[in-house]
Protein chains: 2
Amino acid sequence: MKRQNIDHTQLLVLSLLAGEDMYGYQMIVELARRSDHTFEMKEGTLYPVLHGLERQGMVEAYEQEAPTGRQRKYYHLTRKGGAFLQEEAAAWQKYAGAVSAVLRCSPGLV
Amino acid sequence: MKRQNIDHTQLLVLSLLAGEDMYGYQMIVELARRSDHTFEMKEGTLYPVLHGLERQGMVEAYEQEAPTGRQRKYYHLTRKGGAFLQEEAAAWQKYAGAVSAVLRCSPGLV
DNA sequence: TGACATACCTAGAATCACTAGGTATATTAT
DNA sequence: ATAATATACCTAGTGATTCTAGGTATGTCA
């Protein structure tokens with residue numbers, strides 16, 4: 001389909017970083033919390049996506065020590081990433097609206 | 001993710017058949033119309049999905065001659081398929097709601 | 001000290017949708 | 001008449017996305 005390929009993981013990750021810098025593990029926890037545990041992202045899904053976003057200049061990574069003494073890798077949304085997020089969010093709205101429109105054509109589904 | 005795997009093509013196809021029996025080509029045209037051309041499903045996507053749904057007993061196929069004299073293969077939603085559609089539609093609502101909830105956490109996206 | 005949570009990572013498999021072809025008939029334009 | 005387009009079905013192979021299933025290592029709590 002045209003624009004079937006909304007990368008949901010990418011969209012959700014970018015939207016998390018729009019609010020504040022986060023590290024990977026935190027994103028997984030936050031995403032679960034904000035979605036009422038509808039999304040339980042796997043590490044095997046998240047980390048490759050983060051690396052891809054970094055390669056594309058959508059996010060920048062930096063290391064920072066946690067109060068516990070552990071090393072964390074934080075990600076920051078770049079200006080380019082912010083613009084991309086806007087596009088992806090708009091694409092999602094369009095996509096979700098279209099699905100809803102199709103479902104509404106069949107009574108008893110919505 | 002948990003329930004990341006909503007098969008969008010399957011959901012849309014089943015919802016089309018909830019209204020009336022349709023043949024493949026018609027589904028592509030109807031889906032484009034109902035989604036304001038957001039969805040332009042490819043034949044290479046649709047037909048394998050239809051065959052899969054038939055194999056699983058979600059739809060039943062029958063041949064019927066069109067007024068033009070051409071042979072068409074119509075698909076009919078079975079009771080099992082109807083129940084499955086209800087589940088998938090509910091899963092979609094939950095999924096879409098969760099995405100919206102996450103996006104709403106970041107101002108300026110919704 | 002053993003279990004669990006935190007925190008990062010990758011290789012390979014599975015799923016889903018697409019590309020790019022194929023076949024064939026009906027309609028419309030030249 | 002015939003060429004182009006629309007209708008109508010199909011499949012093999014490819015690419016993209018996400019998952020499974022591991023690995024490494026540190027911190028916390030019972």
Side-chain angles (χ1 to χ4, degrees), chain A residues 1-14 16 21-33 35 38-56 59 61-75 88 91-92 95 98-99, chain B residues 1-14 16 21-33 35 38-56 59 61-75 88 91-92 95 98-99:
Chain A
M1 305 185 196
K2 187 205 289 179
R3 194 72 239 192
Q4 171 64 21
N5 44 320
I6 293 179
D7 189 328
H8 302 101
T9 303
Q10 221 170 54
L11 170 62
L12 293 169
V13 163
L14 289 171
L16 287 171
D21 293 0
M22 286 191 192
Y23 56 96
Y25 194 82
Q26 182 184 11
M27 291 184 210
I28 290 173
V29 174
E30 264 303 299
L31 189 58
R33 194 184 65 74
S35 68
T38 297
F39 300 132
E40 291 181 347
M41 192 179 282
K42 302 298 183 287
E43 301 191 344
T45 303
L46 176 62
Y47 289 112
V49 168
L50 281 174
H51 301 158
L53 287 170
E54 191 179 10
R55 216 169 32 245
Q56 296 168 61
V59 301
Y62 58 94
E63 304 261 344
Q64 192 170 293
E65 195 172 326
T68 65
R70 299 192 59 156
Q71 209 63 17
R72 291 171 177 164
K73 196 168 169 185
Y74 281 85
Y75 289 89
E88 291 298 292
W92 161 259
Y95 178 82
V99 173
Chain B
M1 305 185 196
K2 187 205 290 177
R3 195 72 242 195
Q4 171 65 20
N5 44 320
I6 294 180
D7 189 328
H8 302 100
T9 304
Q10 220 170 55
L11 170 63
L12 293 169
V13 163
L14 289 170
L16 287 172
D21 293 0
M22 287 192 191
Y23 55 97
Y25 195 82
Q26 181 186 11
M27 291 183 210
I28 291 173
V29 174
E30 264 303 298
L31 188 59
R33 194 184 66 73
S35 69
T38 298
F39 300 133
E40 291 181 349
M41 192 178 281
K42 302 298 183 287
E43 301 190 345
T45 303
L46 176 62
Y47 289 111
V49 168
L50 281 173
H51 301 159
L53 287 170
E54 191 180 9
R55 215 171 29 247
Q56 295 168 60
V59 301
Y62 58 95
E63 304 261 344
Q64 192 170 292
E65 194 172 328
T68 65
R70 299 192 56 155
Q71 209 62 19
R72 289 170 177 164
K73 196 166 168 185
Y74 281 83
Y75 288 89
E88 292 298 291
W92 161 258
Y95 179 83
V99 173

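As the structure is a computational prediction, the values presented were derived from the model and not from experiment. Keep in mind that the numbers below use all heavy atoms, side chains included, and drop hydrogens, waters and symmetry copies.
Nearest-nucleotide positions on DNA chain C place A:Thr68 closer to the 5' end than the other of A:Thr68 and A:His51. For the pair B:Lys73 and A:Pro48, both in contact range of DNA chain D, the more 5′-proximal nearest nucleotide belongs to B:Lys73.
A straight line from CD of B:Gln10 to P of C:dT15 spans 12 Å, rounded to a whole angstrom. Distance, B:Leu50 CG to D:dT11 P: 11 Å, rounded to whole Å. Rounded to whole Å, atom P of C:dA17 lies 10 Å from atom NE2 of A:His8. A:Leu11 places its CG atom 15 Å from the C1' atom of D:dT18, with the value rounded to the nearest Å. The nearest whole Å value for the distance from the CD atom in A:Gln71 to the P atom in C:dT6 is 18 Å. Rounding to whole angstrom units, CZ of residue B:Arg70 and C1' of C:dT23 are separated by 11 Å. Here C:dT6 presents its C1' atom at 8 Å from CZ of A:Arg72, a figure rounded to the nearest Å. Taking atom OH of B:Tyr75 as the reference point, atom P of D:dA8 lies 14 Å away to the nearest angstrom.
B:Gly44 comes within 4.0 angstrom of a base, heavy atoms only.
Phosphate contact (OP1/OP2 of C:dC8, side-chain N/O of A:Tyr47, threshold under 4.0 Å): present. In this model, the phosphate group of D:dC9 is not approached by any side-chain N or O of B:Tyr23 to a distance below 4.0 Å at OP1 or OP2. Taking side-chain N and O atoms only, A:Tyr25 has no distance below 4.0 Å to OP1 or OP2 of C:dC8.
Between B:Gln26 and B:Tyr74 the shortest side-chain heavy-atom distance falls below 4.5 Å. Put simply, the side chain of A:Val13 does not reach to within 4.5 Å of the side chain of A:Tyr75, judged on heavy atoms. Looking at heavy atoms from C-beta onward, A:Val99 lies out of side-chain contact with B:Thr38 at the 4.5 angstrom threshold.
A:Phe39 has its ring centre no less than 6.0 Å from the ring centre of A:His8.
A donor-acceptor contact shorter than 3.5 Å is absent between the side chain of B:Glu54 and the backbone of B:Leu50.
Minimum atom distance to the side chain of B:Thr9 is reached by C:dA17, of the listed D:dA8, C:dT19, C:dA17.
If you check distances only, the side chain of B:Glu43 does reach the base of D:dC9 with a donor-acceptor pair under 3.5 Å.
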